[in-house]
J.: 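A single structure is presented below for examination.
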Amino acid sequence: LSSVSSCYLSRSEHAATATLPAAFSDLLPHFLVEPEDEYIVKNKPVTLTCRSTPATQIYFKCNGEWVHQDDHLIERTVDPATALPVMQVTIDITRQQVEKIFGLDEYWCQCVAWSTTGTQKSQKAYIRIAYLRKNFEEEPQGKEVALDQEVLLRCHPPEGVPQAEVEWQRNEDVVNPVSDPNFFITADHNLVIKKARLADTGNYTCVAKNIVARRKSTSATVLVYVNGGWSTWTTWSSCSAVCGRGWQKRSRSCTNPTPLNGGTSCEGQNVQKSACVATCPVDGGWSEWSKWSACGADCSMWRSRECTQPSPGTGGKECQGLDLQSLNCTSEQCPQSESVSGAEDVALYVGMVAVALCLTLLLIVVVLVYRRKKEGLDADVADSSILTTGFQPMGIKPSKPENSHLLTIQPDLTTTTTSYQGTLRSRHDATGKFSMTNGPLLDPLPNGSHTLHNGKLNSDPAEFVSRLSTQSYFKTLPRDVANTSYGTFNFLGGRLTIPNTGGKFSLITSSQFIPPSLSLSLFSPWYRLPLAGCQTLLSPVVSCGPPGVVLSRPVILSMDHCSDACLDNWAVRLKKQNYEGAWEDVLLMGEELVSEPYYCQLEAETCRLFTEQLGTLALVGESLHMGAAKRLRLVLFSDAYCSTLEYNIRVYCMDDTQDVFKEVMQMERQLGGRLIDEPHVLLFKDSYHNLRLSIHDMPQAHWRSKLLAGYQEIPFYHIWNGSQRYLHCTFTLERLSLSTCELTCQLCVWQVEGEGQSFSLDFNIFLLMDSNATALAGPSAFQIPYLIRQKICSSLDAPCPNGSDWRMLAQRLKLERHMSFFASKASPTSVILDLWEAQHFHSGNINQLATVMADIGKQEAMIFLVSDGEC
């Protein structure tokens, strides 16, 4: 050190020495400013400063080597407080100097101060090159968390000198744990959200920075979702029925809370249904009259009654009429009573004579009218061949003189009517007129009348048809030849059928009702009925006409339905369309009254409707609870020929009725499709869940599906409300080679959250055979011959003491539920036989009915064995 000092002292112009006053010569130097650690940013040098007092010399030593004196910048001053000399020395350190140091050692510098007494060394100052790498060692990851859940976002900043500071940002705003205590930043720079709130949803970024640079991590999306919760149930609605059995419901909504940001929806039903019974209004009824009071002085006596049997209740009507009644009387207090009584006797005798004369005149008129009608009827049906020629093919053909017995006219389906009115003359020109009120079916022909002999029309048939085609009936019914049948019937009745639709119209009448011929029509158009609430269409819409005709006895209309036939699950109503086009409820199943013109028997798949009025009718069901189910028919079609790699399978979902199935078959014939499996029946419940369809187990080596999703769904309300006639899903498959000609797979059909049903597909061609017979009239329309029917009715209609009458026939045929309905008809046996005909037309065995008759003990059953020729 002494040699170095002597070297520096020899250069007087640069010497960092000074002569101390004698008073301070014994003091050691002490540092006022020592060099501190520094960082070199990019290529900028750093400056180290050292200040000491009292000092004669100050030099820097870096990494054990003295810095050249020329690199020192020296300043000398005097401390005004102590008068001691103060020396300050600074040096600059460049990036190149630091980079020369390799290995584990760091670049450091310290300063050394001298005085006459001794030396002092300062602290070491480390000089480092500052940097911050680009890539984070660990970046935060996005999360989906439930409300109030704790969230942890991890962040490990990039390596750097000096070590980077970390802050968090949410949507570019700095997260400050001081202002929002819900946030907490750990010592290792992780962000903790103590309880996730909806406001905490956003993009979170970890930011690292030091004196060199500022780095941002990729954003991590935190999505705070809310699972749905049910609100409280509403109060039960009022009962849907004003009187008797109905249903009521209550609902709740998934709003407590509402599901947000992908949260799960509420599980369970949002609507509950319950059967209810509404108390029926009770109309008031009069009690018996009290006894007459004693004759008063005013020659009158009184009696009273009260509205107490029963008293009106629950909105019932009050009693109609007087509750107090007076009557003139005679007594000793009325001296003029004898003269009054004499006048009353004279008036009584005059009235009795007038009534007798009126009754006599009325009897004479009735006898004359009866004889005239009898002569006309005998003349028109004298030819017995009318019994076997009650029906002729539709259309007008030239009549042959030897066998033309009935005028058969094809009705115009574009017009409407409410009655039949016309003039028929016998071969003896005895006038007779038939009239069914409510309006004309046929306008009078030219010249006011025509003569009809055994169905022969003297005028030109073409002229008669042209007159008939201009009538104005059936205006409310659409033109649909495919779903229309019509026929002409005489007094022997007949049967009218729309093939493959489930609609059958059976008409069996007596000779007192129908003129020699009457044209009836039956068609099954498709209407979109206005349905409310949980209502659904259960049957085809069937129109029979002419509308407005009131029959003297009920006919039977048979039509398919698609309910599960359990009246405990349904409120089934019969609806009828009025002349204004509106639909009205005319019958509630299970609450029929014998006085009404409609009566219904619901079977497993068919509804038998007794009706005395023609019109447009349909069955509508309203489910009482979620156990109610509709029968759906699932029908599978495919392309008949496949010349490309694509192959389509169409799955139709429709009501289990023949009319819809027929339409789908006709449409597929036009598309060139073929039926690839037998139709399957699925019970679709009122559970608000969709119908899901999927295809599985295809040979992956030969086929693949082109669907993006694994399944297809048909919404619940599309099926239940019947907004579309039929629904279908198309599965498009692709074969991997044109040589592939076989396909085996499995179709799974199930109601979501319900029990699934799996159907295996078989690719067998199915041929559908159609029947073209639409109308049958006369004896060929029935199983039971006409004469035998008449004998059975005459034998069983009369009450029998031992019960061997129509009541036992109804019991043996399991129709005892409708006893009161049968009893209200003029011929109960005839109505029972009508129902048997409707049930067993295609498969009925007449010998089975003969066995039932034999069990009853009626010998008339033996005539069933008579041949057709004998009948």
Side-chain angles (χ1 to χ4, degrees), residues 35-46 48 63 93-109 123-227 260-263:
E36 296 180 349
D37 295 342
E38 294 289 344
Y39 295 94
I40 296 177
V41 178
K42 298 183 179 179
N43 293 319
K44 295 179 180 180
V46 297
L48 301 180
N63 282 75
I93 305 299
T94 63
R95 184 185 185 98
Q96 289 77 9
Q97 291 177 269
V98 177
E99 289 179 345
K100 290 180 180 180
I101 304 301
F102 297 99
L104 298 178
D105 294 334
E106 293 183 293
Y107 193 91
W108 58 267
C109 293
Q123 66 180 7
K124 289 183 178 181
Y126 291 91
I127 297 90
R128 302 179 179 90
I129 298 176
Y131 66 92
L132 183 63
R133 301 194 184 279
K134 293 184 179 180
N135 297 328
F136 282 73
E137 296 185 9
E138 183 178 6
E139 292 187 302
Q141 301 295 323
K143 293 185 178 182
E144 294 183 2
V145 295
L147 190 68
D148 296 332
Q149 182 179 340
E150 183 180 88
V151 183
L152 175 62
L153 297 177
R154 297 182 178 276
C155 177
H156 194 171
E159 179 186 354
V161 174
Q163 185 176 1
E165 297 178 356
V166 173
E167 69 177 13
W168 285 87
Q169 293 181 352
R170 180 185 63 192
N171 299 331
E172 303 298 330
D173 295 329
V174 176
V175 174
N176 188 357
V178 176
S179 61
D180 191 349
N182 194 44
F183 293 103
F184 175 71
I185 299 178
T186 65
D188 50 356
H189 312 300
N190 297 328
L191 178 66
V192 177
I193 305 176
K194 298 176 183 179
K195 286 188 176 181
R197 304 161 298 187
L198 286 176
D200 295 331
T201 298
N203 296 321
Y204 287 79
T205 307
C206 180
V207 180
K209 60 182 179 179
N210 62 7
I211 60 175
V212 178
R214 174 188 176 95
R215 310 292 188 201
K216 283 188 176 183
S217 69
T218 56
S219 295
T221 301
V222 173
L223 184 65
V224 181
Y225 61 84
V226 180
N227 294 325
L260 293 174
N261 298 335

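Residues: numbered from 1 along the sequence shown. Since this is a predicted model, take the numbers as computed values, not measurements.
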J.: Just by distance, do the side chain of E99 and the backbone of Q96 share a donor-acceptor pair under 3.5 Å?
T.: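 Flag not set: sc E99 to bb Q96 has no pair under 3.5 Å.
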J.: What pairs with Y39 under side-chain hydrogen bond (donor to acceptor under 3.5 Å, both in side chains), at least two apart in sequence or on another chain?
T.: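 For Y39, no residue satisfies side-chain hydrogen bond (donor to acceptor under 3.5 Å, both in side chains) once neighbours in sequence are set aside.
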J.: Atom CD in E144, atom OG1 in T201: separation rounded to 0.5 Å?
T.: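 One finds 10.0 Å between CD of E144 and OG1 of T201.
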J.: What's the verdict on side-chain contact (heavy atoms from CB on, under 4.5 Å) for N210 and E165, showing C-alpha distance, side-chain angles and the deciding distance?
T.: CA-CA 6 Å; N210 62 7; E165 297 178 356; over 6 Å; no
J.: Checking the side chain of R95 only, and the main-chain atoms of K42 only, is there a donor and an acceptor separated by less than 3.5 Å?
T.: yes
J.: Can you give me every donor-acceptor pair (side chain of residues 179-188, partner residue at least two apart or in another chain, under 3.5 Å) with its distance?
T.:
| from | atom 1 | to | atom 2 | distance (Å) |
| --- | --- | --- | --- | --- |
| S179 | OG | N176 | O | 3.2 |
| D180 | OD1 | N182 | N | 3.2 |
| D180 | OD2 | R197 | NH2 | 3.0 |
| N182 | OD1 | K195 | N | 3.1 |
| N182 | ND2 | K195 | O | 3.0 |
| N182 | ND2 | D200 | OD2 | 3.4 |
| T186 | OG1 | D188 | OD1 | 2.4 |
| T186 | OG1 | N190 | N | 3.0 |
| T186 | OG1 | N190 | O | 3.3 |
| D188 | OD2 | N190 | ND2 | 3.4 |

J.: Quick check: does any side chain N or O of W168 sit under 3.5 Å from a backbone N or O of H189, one acting as donor and the other as acceptor?
T.: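 The answer is yes, because a donor-acceptor pair under 3.5 Å joins these two groups.
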J.: Between atom OH of Y126 and atom CG of N63, what is the distance when rounded to the nearest 0.5 Å?
T.: 9.5 Å
J.: Going through the checks in order, is the side-chain contact (heavy atoms from CB on, under 4.5 Å) test met by E106 and K124?
T.: CA-CA 11 Å; E106 293 183 293; K124 289 183 178 181; over 6 Å; no
J.: For the residue pair A208 and A164, what are the closest heavy atoms and their distance?
T.: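 A208 and A164 have their closest heavy atoms at CB-CB, 4.0 Å.
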J.: Looking at S217 and C206, would you say the former's side chain and the latter's main chain have a donor-acceptor pair under 3.5 Å?
T.: yes
J.: Applying side-chain hydrogen bond (donor to acceptor under 3.5 Å, both in side chains), name anything that partners E38, two or more places apart in sequence or on another chain.
T.: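 Expected list: none.
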J.: For residues R170 and A199, report the shortest heavy-atom separation together with the two atoms involved.
T.: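 Scanning both residues completely, I find the closest heavy atoms to be NH1-O, 3.7 Å.
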J.: How would you list, by chain and number, every residue that makes a side-chain hydrogen bond (donor to acceptor under 3.5 Å, both in side chains) with N261, sequence neighbours excluded?
T.: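 side-chain hydrogen bond (donor to acceptor under 3.5 Å, both in side chains) list for N261, sorted by chain: empty.
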J.: Can you measure from OH (Y107) to CD1 (I40) and round to the nearest 0.5 angstrom?
T.: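 Spacing of OH (Y107) from CD1 (I40) equals 8.5 Å.
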J.: What are the two closest non-hydrogen atoms of Q123 and P35, and how far apart are they?
T.: NE2-O, 3.1 Å
J.: Between L132 and R215, is a side-chain contact (heavy atoms from CB on, under 4.5 Å) present by the stated rule, with each step listed?
T.: CA-CA 8 Å; L132 183 63; R215 310 292 188 201; 3.6 Å; yes
J.: If you draw a 6.0 Å radius around CD in Q163, do more than 12 non-hydrogen atoms from other residues or ligands fall strictly inside?
T.: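 Open.
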J.: To the nearest 0.5 angstrom, please state how far the CD1 atom of I93 sits from the CD1 atom of I127.
T.: 5.5 Å
J.: If you apply the rule side-chain contact (heavy atoms from CB on, under 4.5 Å), what do you find for V224 with L147, and how did you get there?
T.: CA-CA 6 Å; V224 181; L147 190 68; 4.0 Å; yes
J.: Residues two or more places apart in sequence or in another chain: which of them pass side-chain hydrogen bond (donor to acceptor under 3.5 Å, both in side chains) with T205?
T.: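 With sequence neighbours excluded, T205 shows a side-chain hydrogen bond (donor to acceptor under 3.5 Å, both in side chains) to S219, given in chain and number order.
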J.: Can you check whether Y204 reaches I193 side chain to side chain, under 4.5 Å on heavy atoms?
T.: yes
J.: Could you pull out all residues at least two apart from E159 that satisfy salt bridge (charged side-chain N to carboxylate O under 4.0 Å, His left out)?
T.: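 By the salt bridge (charged side-chain N to carboxylate O under 4.0 Å, His left out) rule, E159 matches R133.
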J.: Tell me, do L191 and P140 make a side-chain contact under 4.5 Å, heavy atoms counted?
T.: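 They are not in side-chain contact.
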J.: For N135, does the CG atom sit with more than 12 other heavy atoms under 6.0 Å from it, leaving out its own atoms?
T.: no
J.: Side-chain contact, heavy-atom cut-off 4.5 Å: L198 with L260?
T.: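 In short, these two side chains touch, coming nearer than 4.5 Å.
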J.: Quick one: side-chain contact (heavy atoms from CB on, under 4.5 Å) partners of E172, sequence neighbours excluded?
T.: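 side-chain contact (heavy atoms from CB on, under 4.5 Å) list for E172, sorted by chain: Q169, K216.
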J.: Less than 3.5 Å apart, which donor and acceptor atoms pair up between the side chains of residues 148-157 and the rest of the protein, not counting sequence neighbours?
T.:
| from | atom 1 | to | atom 2 | distance (Å) |
| --- | --- | --- | --- | --- |
| Q149 | OE1 | A146 | N | 3.2 |
| H156 | ND1 | E137 | OE1 | 3.1 |
| H156 | NE2 | E137 | OE1 | 3.2 |

